[in-house]
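This report refers to the structure that appears directly beneath it.
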2 protein chains.
Amino acid sequence: MPIEYSRPERYNDARYHDLRPADPRRTDLRRPERSFTIRQLCVEFSVTPRALRFYEDKGLLFPARDGMNRVYSTRDRARLQLILRGKRVGFSLSEIREILDLYDEKDGGAVQAARSLKKFRERIEALKQQREDIEGAIQNLEEGCVRLERQLTESRPDLLPRAEAYDSVLRARLDGPADPTLVLSK
Amino acid sequence: MPIEYSRPERYNDARYHDLRPADPRRTDLRRPERSFTIRQLCVEFSVTPRALRFYEDKGLLFPARDGMNRVYSTRDRARLQLILRGKRVGFSLSEIREILDLYDEKDGGAVQAARSLKKFRERIEALKQQREDIEGAIQNLEEGCVRLERQLTESRPDLLPRAEAYDSVLRARLDGPADPTLVLSK
DNA sequence: GCTTGCCCTGACGTTTACGTAAGGGGTATA
DNA sequence: TATACCCCTTACGTAAACGTCAGGGCAAGC
């Protein structure tokens, strides 16, 4: 599984950085000419600058430069989203890179396209298998919950945690960064 | 994602080892008294002995011993299945260990049970989130497939790979080791 | 009795995906 | 002009999950 590190807490705190855009016209996420600093993306997606630079090193991102500074386009941002989702579903960075490369190789000729198609289908099969695994794991855990609930109901019903705590989780997700339109496959 | 290593090919080959059981009465997987050698489990689940010993080191398995040699029960086998599935859905070994521990702690008292229940629910939420991620990734890739297919149909229809190749994949899965009854939650 | 095959226990090596300084520079604010 | 906050590169450090010897033991078959 994805190795989890302890990431400095400050990167989670939006107040830590001034995110006011310099130019109001460039605020709209849907405007393709919108650009982002490295830290803006870091705060939005809860990753560190080191991670973004690392992805660049590995050939998954290639932001433009303003002098020395990196400038990320909406396209870069969309790629980053795909990278992070790829990680969450268990792809390694090199696998994600392959996929992104396949997306880009529109010019690779018909043979390349055929190979890409095959790989895509393989990935899909793997993901469907994984979806089944997750389905099974959820079932297992839910059975465990039922058992524990029965046990608690009989012994200490006062300790029964109600599921309401997860409302906040859901709310947080809804309030989170809106899913911007992906511009990759265009 | 789960880091993938190059595992010696021979562990995939069932013919590599003589798996004939010494005692026919002990052949039936459903018989709880059935036991397994380390290699039998390795061949069945395509893992190495090193991995099983590693899981034991980390407190996820504790097979009995016959002298020096490890002897795995059907319960150990069921745990191994859960371990491997946990890995496939992205849990780290220590997370899997936590879950397995929670399953075992029937005697931990009501407070422990309440904590377990909470953790189980958290896991379930995480898994549902992940299921959504996978759903999204599948959709993305399928859109990519459609694009590639259109492109190929126009340029080189002869190169279009048909999906029949995946029949074999499915067949292989059906012919695979039967899912034995899990004896953990009993 | 020697080889073959399986088992064991250390213990060091490896890959992935970053973390964490160290050292240096630009800009704005007090 | 000092401080704060941002950026950069280079480089060494690290946790997870095993791989890979090295060294030794027990049982079967030739």
Side-chain angles (χ1 to χ4, degrees), chain A residues 1-11 13 15-20 22 35-43 45-61 63-72 80 83-84 86-88 90-98, chain B residues 1-11 13 15-20 22 35-43 45-61 63-72 80 83-84 86-88 90-98:
Chain A
M1 138 97 290
I3 302 169
E4 273 175 48
Y5 288 86
S6 64
R7 205 170 34 70
E9 185 58 31
R10 63 179 178 280
Y11 289 112
D13 189 353
R15 294 166 307 179
Y16 184 68
H17 305 287
D18 184 6
L19 298 180
R20 282 171 304 180
S35 70
F36 309 84
T37 77
I38 192 171
R39 181 148 268 106
Q40 286 172 330
L41 288 188
C42 287
V43 171
F45 294 108
S46 292
V47 295
T48 64
R50 177 71 174 98
L52 294 196
R53 297 192 190 111
F54 185 74
Y55 299 154
E56 189 177 345
D57 256 33
K58 296 294 170 182
L60 285 86
L61 287 176
R65 297 286 181 134
D66 172 20
M68 284 265 85
N69 295 7
R70 289 169 175 81
V71 178
Y72 294 86
L80 177 57
I83 292 170
L84 296 178
K87 284 191 47 178
R88 284 197 301 270
F91 287 141
S92 73
L93 290 187
S94 62
E95 289 173 318
I96 296 173
R97 189 206 146 135
E98 256 191 85
Chain B
M1 140 98 290
I3 303 171
E4 273 176 49
Y5 289 86
S6 64
R7 203 171 36 71
E9 184 57 33
R10 61 178 179 280
Y11 289 112
D13 190 353
R15 292 166 307 176
Y16 185 67
H17 305 289
D18 185 7
L19 298 180
R20 283 170 303 178
S35 71
F36 308 84
T37 78
I38 193 171
R39 181 149 268 106
Q40 285 173 333
L41 288 188
C42 287
V43 171
F45 294 107
S46 294
V47 296
T48 65
R50 177 70 174 100
L52 293 197
R53 297 191 190 112
F54 185 73
Y55 299 154
E56 190 177 344
D57 256 32
K58 296 294 172 183
L60 284 85
L61 287 176
R65 295 289 180 132
D66 173 20
M68 285 265 84
N69 295 8
R70 291 169 174 81
V71 178
Y72 295 86
L80 177 56
I83 293 170
L84 297 179
K87 285 192 45 180
R88 285 197 300 270
F91 288 142
S92 73
L93 288 188
S94 62
E95 290 173 317
I96 296 172
R97 190 205 146 134
E98 256 191 85

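We name chains A, B, ... by the order of the sequence lines, and we start the count at 1 in each one.
Take B:Glu56 and apply the side-chain hydrogen bond (donor to acceptor under 3.5 Å, both in side chains) test, not counting sequence neighbours, and it matches B:Arg65, B:Arg70.
For B:Lys87 and D:dC18, the shortest distance from a side-chain N or O to OP1 or OP2 is below 4.0 Å. Contact check, A:Tyr55 against C:dA17: no side-chain N or O comes under 4.0 Å of OP1 or OP2. Close to C:dT16, at under 4.0 Å from its OP1 or OP2, lies no side-chain N or O of A:Lys58.
In this structure, the CZ atom of A:Phe91 is 17 Å from the C1' atom of C:dA17, given to the nearest Å. If you take CZ of B:Arg50 and C1' of D:dT20, they are 9 Å apart, rounded to a whole angstrom. With rounding to whole Å, B:Leu52 atom CG is found 15 Å from D:dA17 atom P. In this structure, A:Arg97 atom CZ and C:dT16 atom C1' are separated by 15 Å, rounded to whole Å. Atoms CG (B:Asp57) and P (D:dC18) sit 12 Å apart, rounded to a whole Å. Between B:Phe36 atom CZ and C:dC6 atom P there is a gap of 19 Å when expressed in whole angstrom units. Atom CG of B:Leu61 and atom P of D:dA17 are 14 Å apart (whole Å). The interatomic distance linking B:Leu93 (CG) with D:dA16 (C1') rounds to 8 Å, in whole Å.
Side-chain contact between B:Cys42 and B:Thr48 is absent, with no heavy atoms from C-beta onward closer than 4.5 Å. Residues B:Phe36 and B:Val71 have side chains not in contact (no heavy-atom distance under 4.5 Å, counting atoms from C-beta outward). In this structure the side chain of B:Leu61 reaches within 4.5 angstrom of the side chain of B:Tyr72, judged on heavy atoms.
Taking the side chain of A:Thr48 as heavy atoms from C-beta on, and the options C:dC8, C:dA17, C:dG19, the nearest nucleotide is C:dG19. Among the nucleotides D:dC18, C:dC8, C:dC18, the one closest to the side chain of B:Met68 is C:dC8. Side-chain proximity of B:Arg65 to D:dA11, C:dC8, D:dT20: nearest is C:dC8. Of the listed nucleotides (D:dC8, D:dA17, C:dC18), D:dA17 has the atom at the smallest distance from the side chain of B:Ser92.
Backbone-only contact: B:Arg70 has heavy atoms under 4.0 Å from sugar-phosphate atoms and none from a base.
Residue-to-nucleotide contacts include no donor-acceptor pair under 3.5 Å from the side chain of A:Arg53 to the base of D:dT9.
For the pair A:Ile96 and A:Gly86, the tightest heavy-atom approach, listed with the atom from each and the gap, is CD1-C, 3.8 Å.
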